[in-house]
There are 2 protein chains.
Amino acid sequence: MQTKTRKEQIYQVAGRLFSQRGYHATSMRDLASQLGMQGGSLYAHISGKEELLVEIVGQATDQFEAALNPLRAADLSPQQKLREAVRAHIRVVTDNLESATVFFHEWQHLSPEAYAKVVARRDVVEKFYRDLLEEGIDKGVFRQDLNVKLTAIMILSVSNWVYTWYREGGPLSAEQIADQYVDMLLPGLLVQQ
Amino acid sequence: MQTKTRKEQIYQVAGRLFSQRGYHATSMRDLASQLGMQGGSLYAHISGKEELLVEIVGQATDQFEAALNPLRAADLSPQQKLREAVRAHIRVVTDNLESATVFFHEWQHLSPEAYAKVVARRDVVEKFYRDLLEEGIDKGVFRQDLNVKLTAIMILSVSNWVYTWYREGGPLSAEQIADQYVDMLLPGLLVQQ
DNA sequence: CCTACCGATCGGTAGG
DNA sequence: CCTACCGATCGGTAGG
């Protein structure tokens with residue numbers, strides 16, 4: 001296991017600063033000084049400030065996709081698949097709190113091309129939950145009268161919002177948060193027994 | 001009904017620009033030009049850039065308090081009170097989409113003193129929901145094993161997150177969104193019949 | 001509300 | 001990775 005390349009170090013410190021102060025409020029000199037170098041020296045490693053934002057937001061999106069995609073074809077009941085999805089989703093948020101914060105807060109400040117790509121990849125995550133809900137409806141597990149789109153947004157709301165309040169060392173693990181959320185949400189989704 | 005004062009116009013345009021571009025990415029000259037004046041002229045009306053942020057965030061907080069506080073002592077069942085609270089909460093978000101966006105995105109960039117005040121006022125809103133849940137538990141309506149704090153955060157999550165996706169002219173009104181959310185959430189909160 | 005300006009700082013580059 | 005620098009722009013002020 002090699003130590004981090006200088007480039008990865010730069011991304012990491014940029015993620016921390018962007019999440020704390022915001023993208024536009026972080027100067028390249030702030031970033032450089034935290035890395036023990038001069039402002040201009042950063043450009044030996046990166047092409048510009050926006051590369052940092054593109055990279056951090058891209059890393060976060062990668063993580064969400066890597067966490068959810070394997071569940072698409074998983075052999076689980078809809079209830080169990082929802083539980084595993086929310087667990088994985090919240091774990092991505094809590095394990096990558098800084099890049100998740102940058103992802104949710106700063107992606108609007110990307111250039112139009114990078115912005116469009118992120119929108120498309122966000123839509124994939126939302127579609128994952130819509131497909132999951134529709135699968136559950138087809139199987140007779142979830143209520144037929146669900147508003148699939150709004151329900152997917154509800155699941156995303158609670159899972160994403162974790163980035164605003166979760167702090168390491170808090171009383172609940174990512175799994176515990178997810179399980180308690182799913183326990184509260186499932187009764188409203190399931191058909192009456 | 002008097003037309004807006006110049007100061008109110010400045011706050012409004014600042015809210016729009018801050019919500020679109022972010023606080024730090026909006027220059028006082030951008031703002032001035034949208035108002036048909038020169039950059040320096042703004043300072044005849046306001047003390048500085050931060051006054052704008054303080055004012056916009058303060059307006060949003062005022063709205064949340066004004067919407068929820070009257071419900072504290074309302075003579076409603078816990079279920080109905082929850083429904084009215086989420087309706088009012090989401091209505092504040094949808095009716096003030098720009099200042100709500102600034103509130104959720106930019107309040108971290110306030111000076112330490114202004115920041116502390118906003119934190120305190122956010123805690124009041126969260127406490128409103130915790131009190132509501134505890135009242136429902138005491139009355140035997142909500143489950144005794146609810147994690148009150150996490151449940152309050154869940155309600156805040158879905159209600160607040162509306163700012164990220166709601167657009168005027170969409171298929172659902174604030175009331176419809178709120179009602180569908182509450183319909184889905186209540187079964188998980190109520191004691192089994 | 002304008003003109004003209006202030007010092008400070010910005011992202012980025014040239015040349016080593 | 002550093003020194004030294006570029007033009008541009010920042011928030012804000014003085015004086016009218």
Side-chain angles (χ1 to χ4, degrees), chain A residues 2-58 99 102 105-115, chain B residues 2-58 99 102 105-115:
Chain A
Q2 211 206 319
T3 51
K4 283 202 178 64
T5 66
R6 200 67 171 137
K7 206 166 187 172
E8 288 167 334
Q9 285 179 32
I10 294 173
Y11 293 148
Q12 193 195 341
V13 175
R16 199 180 71 224
L17 293 181
F18 290 176
S19 72
Q20 287 170 351
R21 313 180 189 179
Y23 175 66
H24 281 110
T26 304
S27 76
M28 297 302 272
R29 284 164 181 80
D30 288 341
L31 173 58
S33 90
Q34 296 262 336
L35 288 153
M37 59 170 89
Q38 297 300 313
S41 305
L42 285 167
Y43 295 85
H45 300 96
I46 58 161
S47 65
K49 192 178 182 183
E50 208 202 356
E51 182 193 324
L52 298 172
L53 185 56
V54 168
E55 185 66 25
I56 293 163
V57 169
S99 49
V102 176
H105 259 122
E106 310 289 345
W107 68 295
Q108 288 100 329
H109 301 136
L110 288 166
S111 68
E113 311 82 56
Y115 178 92
Chain B
Q2 213 206 319
T3 51
K4 283 200 179 63
T5 65
R6 200 66 171 138
K7 208 165 184 172
E8 289 168 334
Q9 285 179 33
I10 294 173
Y11 292 148
Q12 192 195 342
V13 176
R16 200 180 72 225
L17 293 181
F18 290 176
S19 73
Q20 287 169 353
R21 313 180 189 179
Y23 175 67
H24 281 109
T26 303
S27 75
M28 296 303 271
R29 284 163 182 79
D30 289 341
L31 174 58
S33 88
Q34 296 261 340
L35 289 154
M37 59 170 89
Q38 298 300 313
S41 306
L42 285 167
Y43 296 85
H45 300 95
I46 58 160
S47 66
K49 193 179 183 183
E50 208 202 353
E51 181 193 326
L52 298 172
L53 185 56
V54 168
E55 185 66 25
I56 294 162
V57 169
S99 49
V102 176
H105 259 126
E106 311 289 346
W107 68 294
Q108 288 98 329
H109 302 135
L110 288 166
S111 68
E113 311 82 54
Y115 178 90

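Chain naming here is simple, since letters A, B, ... match the order of the sequence lines and numbering starts at 1 in each.
Residue contacts for A:S47: at a heavy-atom cut-off of 4.0 Å it reaches no nucleic acid atom on any strand shown.
Computed from coordinates, the B:E51 CD to D:dG12 C1' distance equals 14 Å when rounded to whole Å. A:D30 places its CG atom 11 Å from the P atom of C:dT9, with the value rounded to the nearest Å. Atom pair B:E50:CD and D:dC10:P shows a separation of 19 Å (rounding to whole Å applied). Taking atom CG of B:L31 as the reference point, atom P of D:dT9 lies 17 Å away to the nearest angstrom. Across the protein-nucleic acid pair, A:K49 atom NZ and C:dT9 atom P stand 15 Å apart, rounded to whole Å.
Side-chain contact between B:L31 and B:K49 is absent, with no heavy-atom pair separated by less than 4.5 Å.
With values rounded to the nearest 0.5 angstrom, B:L52 atom CG is found 5.0 Å from B:F18 atom CZ. Here CD of A:Q12 is found 11.5 Å from CD1 of A:I10. Values are rounded to the nearest 0.5 Å.
Identified under the ring pair (Phe, Tyr, Trp, His ring centres under 6.0 Å) test for residues 24-52 of chain A, with sequence neighbours left out: A:H24-A:H109.
Under the side-chain contact (heavy atoms from CB on, under 4.5 Å) criterion, A:Q20 pairs with A:R16, A:L17, not counting sequence neighbours. Remark: B:A114 engages B:E50, B:V54, B:L110, B:S111 in a side-chain contact (heavy atoms from CB on, under 4.5 Å) (not counting sequence neighbours). The side-chain contact (heavy atoms from CB on, under 4.5 Å) check on B:S33 picks up nothing, with sequence neighbours excluded. A:R29 is linked by a salt bridge (Lys or Arg N to Asp or Glu O under 4.0 Å) to nothing, counting only residues two or more places apart in sequence or in another chain. Listed by chain and residue number, B:K7, B:Y11, B:I46, B:S47 satisfy the side-chain contact (heavy atoms from CB on, under 4.5 Å) test with B:E51 (two or more places apart in sequence, or in another chain). A:R21 meets the salt bridge (Lys or Arg N to Asp or Glu O under 4.0 Å) test with A:D30; sequence neighbours excluded. Residues forming a ring pair (Phe, Tyr, Trp, His ring centres under 6.0 Å) with B:H105 (at least two apart in sequence, or on another chain): A:H105, B:Y163.
Using cut-offs of 30° and 60° on the angle between ring planes, the pair A:Y115 and A:W107 is parallel.
OP1 or OP2 of C:dG12 lies within a sub-4.0 Å distance of a side-chain N or O belonging to A:Y43.
Interface residues of residues 106-114 of chain A facing DNA chain C, ordered by number: none; criterion, heavy-atom separation under 4.0 Å. Of the residues in residues 11-22 of chain B, none lies under 4.0 Å from DNA chain C by heavy-atom distance.
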Is there any protein nitrogen or oxygen under 3.5 Å from a nitrogen or oxygen in nucleotides 1-6 of chain C, and what are the pairs?
residue : atom : partner : partner atom : Å
C:dC1   : OP2  : B:R6    : NE           : 2.9
C:dC1   : OP2  : B:H45   : NE2          : 3.3
C:dC2   : OP2  : B:Q38   : N            : 2.8
C:dC2   : OP2  : B:S41   : OG           : 2.7

*Can you give the dot-bracket line for DNA chain C, where a pair is Watson-Crick or G-U wobble with both atom distances under 3.5 Å, crossing pairs use [ ], and | marks a partner on another strand?*
||||||||||||||||

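What you find for B:Q34 and B:V13 is that their closest heavy atoms are CB-CG1, 3.8 Å.
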